[in-house]
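Hydrogens, waters and symmetry mates are skipped; everything else that's a heavy atom, side chains included, is used. Please read all numbers here as calculations on a predicted model, not as lab measurements.
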Amino acid sequence: MARTAPPTVPPPPGPPARGSLSLHRAYLRSPLGLLRLGQLALGAAFWVTVAAHKYEGAAHFALFAAVLIWLLTLALFGLSLLGRWELVPWLGSRWLLTNLVHDLALGVGLYTAATGIMGHKAKQRSFCNLPGYSQHCLYSAYLSASICGGITACLYLFSGLYCLSRRCQDQRDII
């Protein structure tokens with residue numbers, strides 16, 4: 001008698017496979033994606049300029065605000081670029097509104113305050129910009145930071161207005 005092979009039982013199903021990570025290229029080409037890249041670049045220039053030089057007093061707040069907004073923008077950009085905003089509890093279903101509040105309330109508000117602080121500090125140091133002044137001068141660093149901050153605040157305003165216009169057109173997506 002021939003031996004029969006025992007019936008084969010398929011292995012138990014594994015956990016559901018997650019979708020592969022891929023770049024959301026449409027987001028990169030959208031106005032919001034390009035504005036986010038500019039915000040990240042100029043925001044980094046702002047806080048690196050402040051952090052690389054001696055700072056005191058209110059410049060601590062300006063540096064804190066710039067780094068906080070930069071990190072939040074990096075998180076928004078990363079989640080949007082990967083198309084994974086639905087992973088964020090409660091905010092993922094309101095992603096356009098989340099971007100709108102981030103841009104107008106946090107981005108514009110905090111960068112405007114940080115720009116004002118750095119502009120005031122540059123004005124306080126304007127005496128050392130005279131020819132023949134031999135001491136170390138922070139005027140150009142503070143002025144550079146305030147210019148980067150002002151442009152960054154404008155970029156946040158533009159991206160906030162873009163999100164607001166999409167919201168007013170009853171669109172729920174960021175692209």
- prompt: Do H102 and T73 have side-chain atoms, one donor and one acceptor, less than 3.5 Å apart?
  reply: yes

Nearest-0.5 Å distance, CG of residue L63 to CG of residue L68: 11.0 Å

Over all atoms of both residues, closest heavy-atom pair of I151 and L42: CG2-CD1, 3.3 Å

query: Do we see a donor-acceptor contact under 3.5 Å between the side chains of T112 and Y156?
result: no

Distance, nearest 0.5 Å, that separates CZ of R167 from CZ of R94: 9.5 Å

message: Counting only heavy atoms not in Y162 (residues, nucleotides, ligands), do more than 12 fall under 6.0 Å from its OH?
response: yes

Distance (rounded to the nearest 0.5 Å) between L100 CG and S165 OG: 9.5 Å

Considering all heavy atoms, the nearest C148-A45 contact: SG-CB, 3.9 Å

query: If you look at every heavy atom in I174 and W95, which pair is closest and at what distance?
result: CG2-CD1, 3.6 Å

field: Any side-chain donor near an acceptor of the partner, R36 and Q39, under 3.5 Å
entry: yes

task: To the nearest 0.5 Å, tell me how far S146 OG sits from H120 NE2.
output: 12.5 Å

task: Determine, step by step, whether S159 and N99 satisfy the side chain to side chain contact (heavy atoms under 4.5 Å, CB included) criterion, reporting the C-alpha distance in whole Å, the side-chain angles of both residues, the deciding distance to 0.1 Å, and the verdict.
output: CA-CA 9 Å; S159 63; N99 279 270; over 6 Å; no

field: Interatomic spacing from OG in S126 to OH in Y142 - rounded to 0.5 Å
entry: 13.0 Å

field: Heavy-atom closest pair, residues A59 and V50
entry: O-CG1, 4.4 Å

task: Check the angle between the aromatic planes of F64 and F61 and answer parallel, tilted or perpendicular using the 30° and 60° thresholds.
output: tilted

- prompt: What pair of heavy atoms forms the shortest contact from G150 to T115, and how long is it?
  reply: N-OG1, 3.2 Å

- line: Quick note, side chain to side chain donor-acceptor pair (under 3.5 Å) partners involving residues 44-55, not counting sequence neighbours, are none

- request: Hey, could you give me the CG/CG distance between D103 and L164, rounded to the nearest 0.5 Å?
  value: 10.5 Å

task: Could you pull out the closest heavy-atom pair between F46 and A66, with the gap in Å?
output: CD2-CB, 3.3 Å

message: As a quick check of understanding, evaluate side chain to side chain contact (heavy atoms under 4.5 Å, CB included) for F77 and L28, giving each step before the final call.
response: CA-CA 9 Å; F77 180 73; L28 270 180; 3.9 Å; yes

